[in-house]
Protein chains: 2
Amino acid sequence: MIPLILERTFVRFLLMSTVVNKKLRGEVLRQRVLETALELFSTCGYFNTSIHDIRREADVSIGSIYHHFGNKEALAKALYDELLERMDAGLREVMERERGCRARCDGIIAFMFRAATDDPRTMRFVLESRHREFLPDEPPVCSSRPFMRMRECIEQGIASGEVCPIEVPVAATAAFGGAIRLVQLHLDGVLEKPLSRYLASMQDAAWRAIASDPPAPAKHLIKETEE
Amino acid sequence: MIPLILERTFVRFLLMSTVVNKKLRGEVLRQRVLETALELFSTCGYFNTSIHDIRREADVSIGSIYHHFGNKEALAKALYDELLERMDAGLREVMERERGCRARCDGIIAFMFRAATDDPRTMRFVLESRHREFLPDEPPVCSSRPFMRMRECIEQGIASGEVCPIEVPVAATAAFGGAIRLVQLHLDGVLEKPLSRYLASMQDAAWRAIASDPPAPAKHLIKETEE
DNA sequence: GTCTATATGGCGATAGAC
DNA sequence: GTCTATCGCCATATAGAC
């Protein structure tokens, strides 16, 4: 264990040495700007937030923001990428930990509920803002990696026979659409109870929608008549 | 000398006709502005659309727009109200036509799919734009009348025993969340096939999620008979 | 009711010292 | 890398003739 006094001295040394100092300070500042942008974008929206607002709230200069990000849109893109990556990491972790489609679906829903509760700002920014309005070249959020991962999970479930063989988009939206919608209700503040109270029954409902085994319905196997 | 009574009548007629003409022209203009606003708001977004854009596209003057709506926000609110009312009318119609929770749920999903296909702009504006960013005093869209109507339908289903007795928010989102999500995929242009091709299996999946009796019959495949 | 011309403010972005 | 001061534009909104 390093004595506090030495640790402090070391930190001070770091701060004093010009090269490291500038880099460190730069990184800290960059993070503070991103954090502030998330706060303001998710509560007021991208267009209601000016660079000056971010400057004031983050207590940095306009110049620094432009130095690090280039322009407002690029700042939003940097934030968006970071949040999607963080979310994707969470989902990857679920997919590695859980085995079987049901356990993974449950895990994904649980992850979303936890994320929406612990960090509503991130969830709000990823789910609710219309990124294409300010990131015109970005593909829709439903084709981002986290959402592709959910879809993948369902495809594997169909392949293994755990999920009944309906069209993939139907199965994927039936599995997670309800949970996503409930998360939105939570973010809009219209739910009486905390999200966690609904977790188990949402997981059950989602699984009933797509599971193959319980009633083993043969409806979808009936040859459809073209109109 | 013209009798006073006739003169009065004639003047009155003139006044009436000019007034009516102006009123008519005004109404036509008002509708053209609303139509244009829907077009631009739903494709470019509220904040990327200027009053000048609307002016140009609708071929009216700035002054007329402000005369009819007061300001940009009020214009958006007028449009929003009109679209919600139109949607609510469609849902009311479904609720009156169909009896039983399953038929009504199917009808609601079918209505949403049809609306998203026939008039994607309306669906995009209602579902996707974040109204609270430009209509700060508006309640969230999930507590608007169309969405309350969906919730009501589920509550009745629980009361009648057709829907299994889980928490209402869970049942409502499980029933319609998948369909709403699929509509969004459609609006984002990431679906291979037209929405209608997914209708029957989406209805089935939605009903499986909330039905109380496990073996849910595929009602849409059964030929309906007049009673 | 409709129009054109104009006012006003705030925004994103830049310049250039340190 | 960070900062302050400032630019130029374009948005919403208004004034006032017709």
Side-chain angles (χ1 to χ4, degrees), chain A residues 14-37 40-41 44-80 131 133-137, chain B residues 14-37 40-41 43-80 129 131 133-137:
Chain A
L14 274 185
L15 286 174
M16 283 306 181
S17 81
T18 50
V19 177
V20 178
N21 177 15
K22 284 195 173 177
K23 270 201 170 177
L24 253 179
R25 239 168 86 75
E27 191 49 36
V28 166
L29 184 147
R30 196 187 132 90
Q31 284 304 319
R32 197 161 65 234
V33 170
L34 281 175
E35 165 69 20
T36 308
L40 294 179
F41 286 168
C44 314
Y46 175 84
F47 292 102
N48 290 320
T49 303
S50 73
I51 294 286
H52 292 271
D53 293 334
I54 297 174
R55 185 213 70 75
R56 192 185 324 110
E57 209 69 19
D59 196 32
V60 297
S61 70
I62 291 269
S64 293
I65 296 178
Y66 278 94
H67 173 77
H68 279 283
F69 299 98
N71 59 45
K72 188 186 177 185
E73 186 178 319
L75 164 59
K77 169 129 180 63
L79 177 61
Y80 185 56
H131 309 98
E133 284 186 20
F134 50 90
L135 300 176
D137 299 333
Chain B
L14 274 185
L15 281 175
M16 285 285 280
S17 62
T18 49
V19 166
V20 169
N21 263 337
K22 283 197 174 177
K23 264 200 171 177
L24 256 178
R25 238 168 89 72
E27 191 49 36
V28 167
L29 185 148
R30 196 188 132 91
Q31 283 304 317
R32 197 160 67 234
V33 170
L34 280 175
E35 166 69 19
T36 308
L40 294 179
F41 286 169
T43 53
C44 314
Y46 175 84
F47 292 102
N48 290 321
T49 303
S50 73
I51 293 286
H52 290 274
D53 293 334
I54 297 173
R55 184 212 69 76
R56 192 184 325 110
E57 209 69 20
D59 196 33
V60 296
S61 69
I62 291 268
S64 293
I65 297 178
Y66 278 93
H67 173 76
H68 280 285
F69 299 99
N71 60 44
K72 187 184 178 187
E73 187 179 317
L75 164 58
K77 169 127 179 65
L79 177 60
Y80 184 58
S129 52
H131 309 97
E133 284 186 18
F134 50 91
L135 301 176
D137 298 332

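We name chains A, B, ... by the order of the sequence lines, and we start the count at 1 in each one.
Counting to the nearest Å, the P atom of D:dT2 and the NE2 atom of A:His67 are 6 Å from each other. Computed from coordinates, the A:Asn71 CG to C:dC11 P distance equals 17 Å when rounded to whole Å. Rounded to whole Å, the distance from CZ on B:Arg55 to C1' on C:dC3 is 11 Å. Between A:Phe47 atom CZ and C:dG10 atom C1' there is a gap of 16 Å when expressed in whole angstrom units. Taking atom CZ of B:Phe69 as the reference point, atom C1' of D:dT12 lies 16 Å away to the nearest angstrom. Nucleotide C:dA13 holds its P atom 10 Å from the CG atom of A:Leu75, rounded to whole Å. If you take CD1 of A:Ile62 and C1' of C:dG10, they are 12 Å apart, rounded to a whole angstrom. Nucleotide D:dT12 holds its P atom 12 Å from the CD atom of B:Glu73, rounded to whole Å.
Mapping A:His52 and A:Ser61 onto DNA chain D via the closest heavy atom, the residue that lands nearer the 5' end is A:Ser61.
For the atom pair NZ of A:Lys77 and CG of A:Asp137, the computed distance is 9.5 Å after rounding to the nearest 0.5 Å. To the nearest 0.5 Å, atoms CG (A:Asn48) and CG (A:Leu40) are separated by 10.5 Å.
For the pair B:Ser64 and C:dC3, the criterion of a side-chain N or O lying under 4.0 Å from OP1 or OP2 is met.
The A:Ser50 side chain lies nearest to C:dG12 when the options are D:dT2, D:dA13, C:dG12. The side chain of B:Ile51 lies closest to D:dT12 when the candidates are D:dT12, D:dT14, C:dG12. Comparing atom distances between the B:Lys72 side chain and each of D:dT12, D:dT2, C:dG12 picks out D:dT12 as nearest.
Applying the side-chain contact (heavy atoms from CB on, under 4.5 Å) test between A:Ile65 and each of A:Leu29, A:Asn71, A:Ile54 identifies A:Ile54 as the sole match.
A cation-pi arrangement is found for B:Lys72 relative to B:Tyr46, the charged atom lying closer than 6.0 Å to the ring centre and inside a 45° cone about the ring normal.
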